[in-house]
Amino acid sequence: MSACCAAILTFVVVSWLLSSCLCEKGIVVSFIFQSPAGCPGELARESPVSEVVTSPSVISCSALCASSPDCQAITFDPDSRTCQLFPQSENCTGVKKAEEMMNYFVKEPQCQNGGTLQGRRCECPPGYIGQTCELGPMRDCFDYKMNGWLQSSGVHVIRPTDSVSFPVFCIAEGHVVFLRRLNNRVNFTRPWRDYRDGFGDISGSHWLGLEKMHILTSQDRVYQLRVQIALTNGTNIYTFYNNFTVRDGSQFYQFDFTVNAMANDCLSDLRRISFSTYDSDNDGDSSVNCASRHSGGWWFRGNTCSTCNPTGQLLQPANGLRTGVDSEVFWIKDLGDVVPFRIRFSLANM
């Protein structure tokens with residue numbers, strides 16, 4: 001048994017109940033081994049055996065099973081010190097009397113961190129993972145990556161604070177996506193409430209939500225904003241902003257970052273500028289409503305509004321050039337009349 005298990009757990013057999021644990025990378029995974037109700041000392045009929053080993057005690061036998069994800073039940077014969085590992089448990093269905101002193105135990109996880117046992121599996125609370133919900137909370141996508149639970153891009157639930165959890169789209173590198181434009185199926189001409197709370201298809205085109213972005217970037221973690229613009233010809237353009245943060249709603253979700261000298265930089269002119277939507281005009285110029293003009297919520301500034309409009313109408317013209325309407329998606333800095341075909345904003349741990 002590993003040192004961390006020995007330090008905090010002991011093996012106890014009380015009324016056919018056996019507790020065991022598996023410790024990996026300093027994390028304890030706990031299981032209960034118990035005889036199914038109503039049939040102590042009985043053995044499942046014709047259950048396949050995955051392994052037969054010699055073990056000094058039922059405790060050691062249970063530890064072997066605890067360390068194997070495929071093991072679901074054990075028998076132990078104290079006379080011959082024979083330990084049998086079973087890949088499934090019959091739960092007292094079709095059982096026969098075992099040989100005298102033969103013990104049959106079914107493996108059940110001891111759910112942690114508020115997890116609940118459903119059948120023989122733990123149903124974990126949002127932001128916790130593992131056989132017994134032992135891993136977590138997952139504060140962002142990078143936590144899933146570091147724990148080996150992010151093999152490809154997809155939707156996962158993160159828990160930036162103990163009281164707040166929400167689904168995000170994680171890309172395989174461990175980054176949280178907060179803006180994704182793949183096509184024009186999702187309408188981005190939305191009121192303040194939608195931009196605050198988020199909208200769209202989390203696995204497709206979507207806006208994560210300003211409040212979620214604030215909560216995420218307010219953690220004791222440092223993020224880099226990564227902007228990826230895909231053009232019609234297949235070219236991808238990247239821009240990075242270090243130490244990216246979003247302030248709270250009382251400051252209209254202004255963002256800040258460490259200024260980087262780079263090409264395709266649209267955001268430097270918009271640092272510490274309030275967010276605007278068509279029904280909440282905070283661009284600082286009463287003579288114009290930039291959000292209405294450009295058909296999307298964004299950090300607009302004065303009558304010039306912005307040199308980029310990633311939340312406008314994604315027209316995806318075949319020639320890859322601007323059509324000339326104010327409401328379309330554009331990215332003037334260094335692209336001129338060339339328009340984005342797809343857009344992705346993501347947060348990467350630094």
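None of these values were measured; they are calculated from a predicted model.
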Requested in this report: Would you tell me whether N243 and T258 have side-chain atoms, one donor and one acceptor, within less than 3.5 Å of each other?
Outcome: yes
Report task. Provide the full list of disulfide (SG to SG under 2.5 Å) pairs with a residue in residues 174-212, sequence neighbours left out, each pair given once. Result -> none
Report task. Could you check if a side-chain atom of M138 sits within less than 4.5 angstrom of a side-chain atom of V157, using non-hydrogen atoms only? Result -> no
Report task. Could you work out the complete set of other residues in the hydrophobic cluster of I332, with links drawn between I, L, V, M, F, W and Y side chains under 4.5 Å apart? Result -> F330
Requested in this report: Flag the pair E328 and R322 as a salt bridge only when some basic side-chain nitrogen lies within less than 4.0 angstrom of an acidic carboxylate oxygen.
Outcome: yes
Report summary line: d(R181 CZ, R344 CZ) to nearest 0.5 Å is 15.0 Å
Query raised in the report: Taking atom CG of D77 and atom SG of C61, what is their separation to the nearest 0.5 Å?
Result: 10.5 Å
**Report entry** Student check: side-chain heavy atoms of N319 and T232 closer than 4.5 Å
**Finding:** no
Query raised in the report: Does NZ or CZ of R271 lie under 6.0 Å from the centre of the six-membered ring of F257, at an angle within 45° of the ring axis?
Result: yes
Query raised in the report: ring pair (Phe, Tyr, Trp, His ring centres under 6.0 Å): which pairs involve residues 117-138, sequence neighbours left out?
Result: none
Requested in this report: Output, in order, the C-alpha distance, side-chain angles, deciding distance and verdict of side chain to side chain donor-acceptor pair (under 3.5 Å) for D140 and Y223.
Outcome: CA-CA 11 Å; D140 54 29; Y223 292 98; 2.6 Å; yes
Query raised in the report: Which pairs, with at least one residue in residues 145-222 and sequence neighbours excluded, count as a disulfide (SG to SG under 2.5 Å)?
Result: C141-C170
Query raised in the report: What is the distance from atom CD of Q112 to atom SG of C124, rounded to the nearest 0.5 Å?
Result: 9.5 Å
Query raised in the report: Would you call R190-D197 a salt bridge at under 4.0 Å N-O?
Result: no
**Report entry** Sidechain-backbone polar pair: S280 side chain, T277 backbone, donor-acceptor under 3.5 Å
**Finding:** no
Atom pairs and distances, donor-acceptor, side-chain atoms in residues 294-305, under 3.5 Å, two or more places apart:
from, atom 1, to, atom 2, distance (Å)
H294, ND1, D326, O, 2.7
W298, NE1, S306, OG, 3.4
W299, NE1, Y253, O, 2.8
R301, NH1, D269, O, 2.5
T304, OG1, R301, O, 3.3

Query raised in the report: ring pair (Phe, Tyr, Trp, His ring centres under 6.0 Å): which pairs involve residues 134-156, sequence neighbours left out?
Result: Y144-H156
Query raised in the report: Using the ring of each side chain (for Trp, its six-membered ring), is F199 parallel, tilted or perpendicular to W207, with breaks at 30° and 60°?
Result: parallel
Query raised in the report: Are the aromatic rings of F275 and F252 close, with centres under 6.0 Å apart?
Result: no
Requested in this report: Would you check if V329 and Q313 make a side-chain contact, meaning some heavy-atom pair closer than 4.5 Å?
Outcome: no
